[in-house]
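Have a look at the structure below, then the notes.
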Amino acid sequence: MESECPIDAELRNEISELLKPPCPAKVEEYLNQLIKTSTRQCHGITVKHNGDLGKGVYADSDLKGDELLLKDQMLVGIQHSSNKIECLACSFCFRFVGSVELQIGRRLYLQEMGVSANCCQTDYSSDEQEEEEEMGQCGSSSSGYKGKVPLPKGIAEPLMNGELKLPYSDKFSMPPAVPCPGGCGEAYYCSKLCAESDWNSSHSLLCTGERSESVSREALVKFIQHANETNDIFLLAAKIVASTVLNYRKLKVTRSEGDNKLSVSGSPYLSLLLEAWKPISVGHKRRWWDCVALPIDVQSSDEAAFRMQIRELAFTSLQLLKAAIFDEECKSIFSLEIYGHIIGMFELNNLDLVVASPVEDYFLYIDDLPDPIKQEAEEITRPFLDALGDDYSVCCQGTAFYPLQSCMNHSCSPNAKAFKREEDRDGQATIIALKPISKGEEVTISYVDEDIPFEERQALLADYGFRCRCPRCLEEEP
């Protein structure tokens, strides 16, 4: 039986107002303002609506092939829980932090302990930072470490604490790991600025540490555990809910200071909530259980039951999140209808978050050294490389929503692509022109592998809710 969310019925009109798409002119104004911000590198592009196709990104000057079009800051992003054992990265910008020795040492230490990928919490802050070490409860698994040559016990810890230095590692410096100001022992940052930015945008409500501003840390732990066991897309959704609540509170304080007569008692002050919701309102959204792709092992006759199961999963997640960070004045944000549309926005628009590992660069550098310097260095580094095995070069991996990149429409013959250059060492989305693009031409990317046959492309694109009618598809259609 379908679970009912009482907020959906109680605040139907408010929810409808929040989900109402803004007028095209306001969307264009908001997104083009983002293009002008100094934190984004945008070259020769603009966002505009084009009839039935909705919003898109267009060249407003002639662009060259291989030219950087956009470096887009994420609205929200997460590192996959399973990837955190492999890479220690900033929880806000996703740059690698610490040192080559720390990155290698912590992996080997956890590998030695037989730790699973999802739940280890260790203090990796530098010696100058007075933070107590916190170790979380970790599951055991050794299945991921087959075929690797183990090091003698006790070697990994000197790497982690800085007692053992690897040759030439100073050429691959990283910012020191700054611990979460809330004391959760889970989030680390590349700078105090990133730590403060994450705290102010969402983490203050989602931190499990002693200084957390959540309603219930115990409930928050249950929510995170449920997300890690089912789908970490819920962690992204929680960031949106938390950021909307925090934005609402900031706007309320600002407006109250400007107008002493402002009252927000009782039901939410809707205009403030709509303003706090604005960054999300411009994203294309459908309910998650309506737009999620049907797995290949689910028969079409079972589709309705599958989608109901997905809805129930979202409802369970929402109930756990509500117990952790609920705000009465933002009650409509905690409706299942809103939660489903937030997750659906991610399902339709997310981009893989990938940041290359400096550990890979380090070992490649050692391999390129001339003899006999290479031989001397490898006498020290080879045992560590063998212990890490073939996956020594694991990237920081996650998923994120990028406001401007998400406006780019699909083509099976795209003129641009997401591509990380050598200098791109954080979680921003980098879009490069594949070929010259004329002024006024739409900038397109491919949502699927454009090298697969026509029918396979169309089947994959159906999950995005459309049938591709690009020139290539029109030419190849039987």
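Nothing fancy with the numbering, it's 1 onward along the sequence. Everything numeric in this text was worked out from a predicted model, so none of it was measured.
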Heavy-atom donor-acceptor pair, [X] side chain to [Y] backbone, under 3.5 Å:
X	Y	value
Ser335	Asp8	no
Arg311	Arg287	no
Arg472	Cys412	yes
Lys252	Tyr269	no
Gln111	Leu388	no
Glu210	Cys184	no
Lys239	Gly77	yes
Ser16	Arg12	no
Arg95	Met174	no

Problem set entry | Contacts of type salt bridge (Lys or Arg N to Asp or Glu O under 4.0 Å), residue Asp62, not counting sequence neighbours |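 Listed in chain order: nothing, the list is empty.
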Using a strict cut-off of less than 4.0 Å between a Lys/Arg side-chain nitrogen and an Asp/Glu carboxylate oxygen, indicate whether [X] and [Y] qualify as a salt bridge.
X	Y	result
Arg249	Glu329	no
Glu17	Lys20	yes
Lys278	Glu275	yes

For this session: List for me each residue that meets ring pair (Phe, Tyr, Trp, His ring centres under 6.0 Å) alongside Phe306, sequence neighbours excluded, and say none if there are none.
Result: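 Once residues adjacent in sequence are excluded, Phe306 has no partner under the ring pair (Phe, Tyr, Trp, His ring centres under 6.0 Å) criterion.
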Problem set entry | With Trp277 via ring pair (Phe, Tyr, Trp, His ring centres under 6.0 Å) - residues at least two apart | none
Would you tell me whether [X] and [Y] have side-chain atoms, one donor and one acceptor, within less than 3.5 Å of each other?
X	Y	result
Glu442	Asn409	yes
Ser281	Tyr30	no
Ser91	Gln79	no
His284	Asn349	no
Thr399	Asn350	yes
Asp327	Tyr248	no

For this session: Mind checking side chain to side chain contact (heavy atoms under 4.5 Å, CB included) for Ser393 and listing every partner two or more places apart, or none if nothing turns up?
Result: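 Per chain and number, Ser393 pairs via side chain to side chain contact (heavy atoms under 4.5 Å, CB included) with Glu360.
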Exercise. Listed by chain and number, what are the side chain to side chain contact (heavy atoms under 4.5 Å, CB included) partners of Phe419, not counting sequence neighbours?
Worked result: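 For Phe419 the side chain to side chain contact (heavy atoms under 4.5 Å, CB included) partners, ignoring immediate neighbours, are Lys417, Arg421, Ile432.
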Exercise. Could you give the distance from CG (Asn247) to OG (Ser201), rounded to the nearest 0.5 Å?
Worked result: 8.5 Å
Exercise. About how many Å separate CD of Gln397 and NE2 of His80, when rounded to the nearest 0.5 Å?
Worked result: 7.0 Å
Side chain proximity check, [X] to [Y], heavy atoms < 4.5 angstrom:
X	Y	result
Ile437	Leu69	yes
Asn83	Cys396	yes
Glu218	Lys222	no
Ser202	Val76	no
His410	Tyr464	no

For this session: Sort and list the pairs that fulfil side-chain hydrogen bond (donor to acceptor under 3.5 Å, both in side chains) and have at least one residue in residues 292-304, not counting sequence neighbours.
Result: Glu303-Arg307
For this session: Please work out whether the ring planes of Phe466 and Tyr447 are parallel, tilted or perpendicular, with thresholds of 30° and 60°.
Result: perpendicular
Could you pull out every donor-acceptor pair under 3.5 Å between side chains of residues 193-200 and any protein atom, sequence neighbours left out?
| residue | atom | partner | partner atom | Å |
| --- | --- | --- | --- | --- |
| Ser197 | OG | Leu193 | O | 2.8 |
| Asp198 | OD2 | Tyr189 | OH | 2.6 |
| Asn200 | ND2 | Glu196 | O | 3.1 |

For this session: Apply side chain to side chain contact (heavy atoms under 4.5 Å, CB included) to Leu31 and Val282, showing your working.
Result: CA-CA 8 Å; Leu31 292 170; Val282 299; 4.2 Å; yes
Can you list the residues that meet the side chain to side chain donor-acceptor pair (under 3.5 Å) rule with [X], with sequence neighbours excluded?
X	result
Asn32	Thr46
Glu441	Asn415
Asp60	none
Thr244	none

Which atom names give the shortest non-hydrogen contact between [X] and [Y], and what distance separates them?
X	Y	result
Ala219	Ser216	N-OG, 3.1 Å
Leu353	Ala400	CD1-CB, 3.9 Å
Leu251	Ala276	CD1-N, 3.6 Å
Leu205	Ala242	CD1-O, 3.8 Å
Leu235	Phe223	CD2-CE2, 3.9 Å
Ser332	Leu273	OG-CD2, 3.3 Å

For this session: For Asp72 and Met408, run side chain to side chain contact (heavy atoms under 4.5 Å, CB included): C-alpha distance rounded to whole Å, both residues' side-chain angles, the deciding distance at 0.1 Å, then the answer.
Result: CA-CA 12 Å; Asp72 196 8; Met408 292 183 173; over 6 Å; no
Exercise. Taking it one step at a time, do Phe94 and Gln428 satisfy side chain to side chain contact (heavy atoms under 4.5 Å, CB included)?
Worked result: CA-CA 9 Å; Phe94 302 95; Gln428 293 186 85; over 6 Å; no
Under 3.5 Å donor-acceptor pairs involving side-chain atoms of residues 450-461, not counting sequence neighbours:
| residue | atom | partner | partner atom | Å |
| --- | --- | --- | --- | --- |
| Glu450 | OE1 | Ser446 | OG | 3.4 |
| Arg457 | NH1 | Ile452 | O | 3.0 |
| Arg457 | NH1 | Glu476 | OE1 | 3.3 |
| Arg457 | NH2 | Glu476 | OE1 | 3.0 |
| Gln458 | OE1 | Cys468 | N | 3.1 |
| Gln458 | NE2 | Cys468 | O | 3.1 |

Exercise. Is Lys250 atom NZ crowded by more than 12 heavy atoms from other residues, nucleotides or ligands, each under 6.0 Å away?
Worked result: yes
For this session: Step through the shown structure and confirm whether more than 12 heavy atoms of other residues, nucleotides or ligands are within 6.0 Å of CG on Asp449.
Result: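 Counting other residues, nucleotides and ligands, CG of Asp449 exceeds 12 neighbours.
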Problem set entry | Aromatic contact, Trp288 with Phe234 (centres under 6.0 Å) |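 Centroid distance Trp288-Phe234: below 6.0 Å, so yes.
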For this session: Report yes or no: is the cationic atom of Lys322 (NZ for Lys, CZ for Arg) closer than 6.0 Å to the six-membered ring centre of Phe334, at no more than 45° off its axis?
Result: no
For this session: Using the side chain to side chain contact (heavy atoms under 4.5 Å, CB included) rule, take Lys71 and Asp426 through it: C-alpha gap first, then chi angles, then the decisive distance, then the call.
Result: CA-CA 10 Å; Lys71 284 202 73 173; Asp426 60 17; 4.1 Å; yes
